[in-house]
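Naming convention: chains lettered A, B, ... in sequence-line order (proteins, then strands); numbering from 1 in each chain. The figures that follow rest on heavy atoms only: side chains count, while hydrogens, waters and symmetry mates do not.
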2 protein chains.
Amino acid sequence: MTYAIGIMSGTSLDGVDAALVNITGVNEETEVELIAFETLEIPEKIDQQIRESFSIESSNSALISSLNVKLGELFADAAIKVSKAAKINLKDVDFIASHGQTIYHIPEETEKYSSSTLQIGEAAVIAEKTGCTVVSNFRPRDMTVGGQGAPIVPYSEYILYRHHERTRLLQNIGGIGNVTVIPPNASLNDLVAFDTGPGNMIINELSQHFYNEPYDKNGEHAKQGQVNEKVLEDWMNHPFILREPPKTTGREEFGLQFVQEYLNKYKLPAEDWLATATMFTARSIAKSVDKYTTEKTDLIIGGGGSYNPTLVQMIKEVLPEISVIRQEDLGLSSDAKEAVAMVILGNQTLHRQPSNVPSATGASKPVILGSVTFGEQN
Amino acid sequence: MTYAIGIMSGTSLDGVDAALVNITGVNEETEVELIAFETLEIPEKIDQQIRESFSIESSNSALISSLNVKLGELFADAAIKVSKAAKINLKDVDFIASHGQTIYHIPEETEKYSSSTLQIGEAAVIAEKTGCTVVSNFRPRDMTVGGQGAPIVPYSEYILYRHHERTRLLQNIGGIGNVTVIPPNASLNDLVAFDTGPGNMIINELSQHFYNEPYDKNGEHAKQGQVNEKVLEDWMNHPFILREPPKTTGREEFGLQFVQEYLNKYKLPAEDWLATATMFTARSIAKSVDKYTTEKTDLIIGGGGSYNPTLVQMIKEVLPEISVIRQEDLGLSSDAKEAVAMVILGNQTLHRQPSNVPSATGASKPVILGSVTFGEQN
């Protein structure tokens with residue numbers, strides 16, 4: 001029995017996720033069992049300071065120095081919360097693996113700045129407040145060998161979902177959609193991961209525009225509408241959709257500006273826009289994974305989009321030949337899955353084993369991620 | 001034989017110092033031998049970005065994210081430089097201990113910010129570029145238990161200078177003067193460390209004012225002057241000088257404003273000002289260490305002030321009963337001493353042993369400092 005806690009705080013700031021697991025083995029022999037999962041709300045003052053830290057205009061050294069400590073305390077509190085929920089004493093927890101809060105990411109070198117990524121949440125604070133050894137700061141090492149430092153979860157997906165005869169497609173649907181492809185009986189090098197196109201981004205922009213709602217709750221607006229094939233065809237010819245993976249996209253390509261452009265170009269009823277945008281996400285996923293699907297393929301949907309039944313239904317329609325299931329139906333929520341992923345990475349680090357996936361991040365080689373901060377003195 | 005490299009980059013930005021040592025044992029049994037010492041100049045572009053990172057106005061998340069990587073590369077280069085000078089292959093170096101560049105320090109909590117300290121210079125970059133395991137980020141842990149995160153060197157001074165029958169006073173003279181007191185046959189708890197008052201700060205301000213020179217080279221101006229006893233008496237009654245240790249001071253108390261005030265209050269020849277300021281540093285040191293001196297006491301002077309013979313001579317005059325020697329005369333320059341100190345701290349960390357000195361930093365207990373980032377995979 002090795003108890004460990006994974007801590008994850010994403011850029012959406014919807015809470016600090018903490019998973020307490022039992023983890024045994026290392027590398028391919030790693031086995032993980034989720035014992036408890038908790039989310040800790042981010043206090044408003046810290047939330048506001050994190051948002052300030054995201055922008056060049058409102059961030060500065062003093063803010064980052066201070067926030068680094070405050071987030072360390074918050075992450076420790078999340079660990080304490082999940083250990084209480086699991087009724088497991090922190091003394092019996094072998095280690096905590098903390099992702100940290102990403103406050104800046106520079107994917108490509110510019111004239112002024114180096115390619116780099118900055119996660120904060122001081123490990124020394126977590127270690128001292130919990131007494132546990134902490135593994136943290138996983139992303140920068142991958143970037144030292146030419147990787148993007150992202151995606152960070154494929155190694156854990158490989159451990160959790162690889163299958164000797166089935167293809168596993170881990171499809172995450174956040175603002176952007178991204179997939180990790182795990183071929184049957186794969187070795188780590190066989191993994192592929194890339195962005196599939198928009199996830200909820202266009203749907204959300206249209207919801208805001210037509211209904212003043214931040215998202216299409218349960219896909220109800222889309223359900224009322226008709227997919228407009230002309231608009232859909234236009235979208236499916238977007239350069240990003242036509243490009244071969246590996247590829248990444250973002251708000252620059254499918255954000256507000258994209259939506260405005262098409263609202264000017266075509267006139268449709270509101271619900272048809274929603275239906276079409278939802279089908280676009282489904283179709284772009286189908287097109288992306290097409291070349292990887294085999295006779296026995298599971299598409300496992302996670303992220304916010306998995307809570308949109310209209311979207312899930314559409315994905316099933318456009319991929320009739322494969323099994324489409326939701327992450328949640330496997331007993332591991334998307335949030336829990338990311339926190340568990342941290343434990344798997346931390347376990348690798350403590351065994352001095354790599355956990356980046358070069359075929360996913362673009363790194364030139366496997367490297368040991370993260371740093372170790374000791375808990376109590378031996 | 002355990003080869004290790006210590007890397008130090010101070011706030012004066014006069015270069016990255018790298019010491020390659022042979023270190024054996026741990027805790028009281030630690031023994032260190034300096035093999036090579038090198039300083040790497042900080043390229044102008046990085047120097048400028050570090051200065052930008054010091055200020056709230058010109059710093060931001062992108063700058064810090066990028067500079068963290070650039071400094072990691074620079075620290076790795078310093079390690080490579082000293083290993084070449086020592087003709088020792090990095091493969092044979094067990095670990096690198098890196099202090100990092102302090103870009104911000106918040107000693108006391110404010111309404112807006114937590115007490116915290118921020119050192120950057122990504123350990124993952126150093127580890128990947130050198131292949132060596134890296135120990136870094138020593139200061140924050142001490143602050144988690146109520147310490148100031150500073151001074152960081154007393155543990156190493158204890159290891160290097162403690163004596164079974166002599167009192168050792170490690171007097172550093174930078175802008176501010178600070179001393180570590182190691183009583184004869186001391187245990188770690190017996191150490192005391194505090195600021196003694198101005199070091200070169202007033203001397204430098206006066207040099208700038210009267211001679212347009214950044215400092216009084218070799219103490220030549222002071223040597224020409226007469227100490228004005230009235231001004232000196234006034235200064236020796238400054239509240240900081242009268243206060244009992246532990247105490248810390250800075251530019252707020254003995255900077256430009258202080259100098260302007262006295263230039264208005266008294267009219268003296270330029271060289272008398274310099275002589276009086278130099279004697280003030282000597283007298284404030286003497287007053288500070290007085291209660292700790294025993295029959296057999298060595299005052300070991302380091303820092304920029306040790307290169308001012310007039311100041312050293314004055315210290316000898318006001319402390320006739322003790323032995324006054326310069327750090328350099330012991331074969332270990334002040335710069336080298338700090339880089340060696342990092343190795344001693346890193347060695348403690350890798351043995352999971354503490355290396356803060358609670359009686360010096362104000363911490364409530366000894367804690368293991370720093371984080372470990374692994375080099376090559378085992």
Side chain, backbone, both or neither: which part of [X] has a non-hydrogen atom closer than 4.5 Å to chain B?
| X | result |
| --- | --- |
| A:Ser58 | neither |
| A:Asn137 | side chain |
| A:Thr117 | backbone |
| A:Lys112 | both |

Please flag which part of B:Thr102 lies under 4.5 Å from any non-hydrogen atom of chain A: side chain, backbone, both or neither.
neither
Less than 4.5 Å to any heavy atom of chain A: does that hold for the side chain of B:Val367, its backbone, both, or neither?
side chain
Please check if any side-chain donor atom of B:Ser59 sits under 3.5 Å from a side-chain acceptor atom of A:Ser61, or the reverse.
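Yes, a side-chain donor-acceptor pair sits under 3.5 Å.
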Looking at every non-hydrogen atom in both residues, tell me the closest pair between [X] and [Y] and how far apart they are.
| X | Y | value |
| --- | --- | --- |
| A:Tyr113 | B:Ala62 | CE1-CB, 3.7 Å |
| A:Asn60 | B:Ile56 | CB-O, 3.3 Å |
| A:Phe374 | B:Thr349 | CE1-O, 3.3 Å |

If we define contacts as heavy-atom pairs under 4.5 Å, which of A:Lys70, A:Lys45, A:His105 has the most with chain B?
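Counting heavy-atom pairs under 4.5 Å, the top option is A:Lys70.
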For chain B, which of A:Ile64, A:Ile103, A:Val125 has the most heavy-atom pairs under 4.5 Å?
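The candidate making the most pairs under 4.5 Å is A:Ile64.
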Counting heavy-atom pairs under 4.5 Å with chain A, which one of [options] comes out on top?
| options | value |
| --- | --- |
| B:Thr144, B:Val134, B:Val135, B:Leu369 | B:Thr144 |
| B:Ala123, B:Ala124, B:Ser114 | B:Ser114 |
| B:Thr110, B:Val372, B:Leu63, B:Thr373 | B:Val372 |
| B:Ser65, B:Ser371, B:Gly72 | B:Ser65 |

For B:Asn68 and A:Ser116: C-alpha separation, side-chain torsions, deciding distance, then whether side-chain contact (heavy atoms from CB on, under 4.5 Å) applies.
CA-CA 8 Å; B:Asn68 184 43; A:Ser116 54; over 6 Å; no
Do A:Lys365 and B:Glu128 sit within salt-bridge range, that is, some charged N less than 4.0 Å from a carboxylate O?
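Judged by the 4.0 Å cut-off on N to carboxylate O distance, A:Lys365 and B:Glu128 do form a salt bridge.
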A:Glu109 side chain near B:Val69 side chain, heavy-atom distance below 4.5 Å
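Contact flag for A:Glu109/B:Val69 side chains = no.
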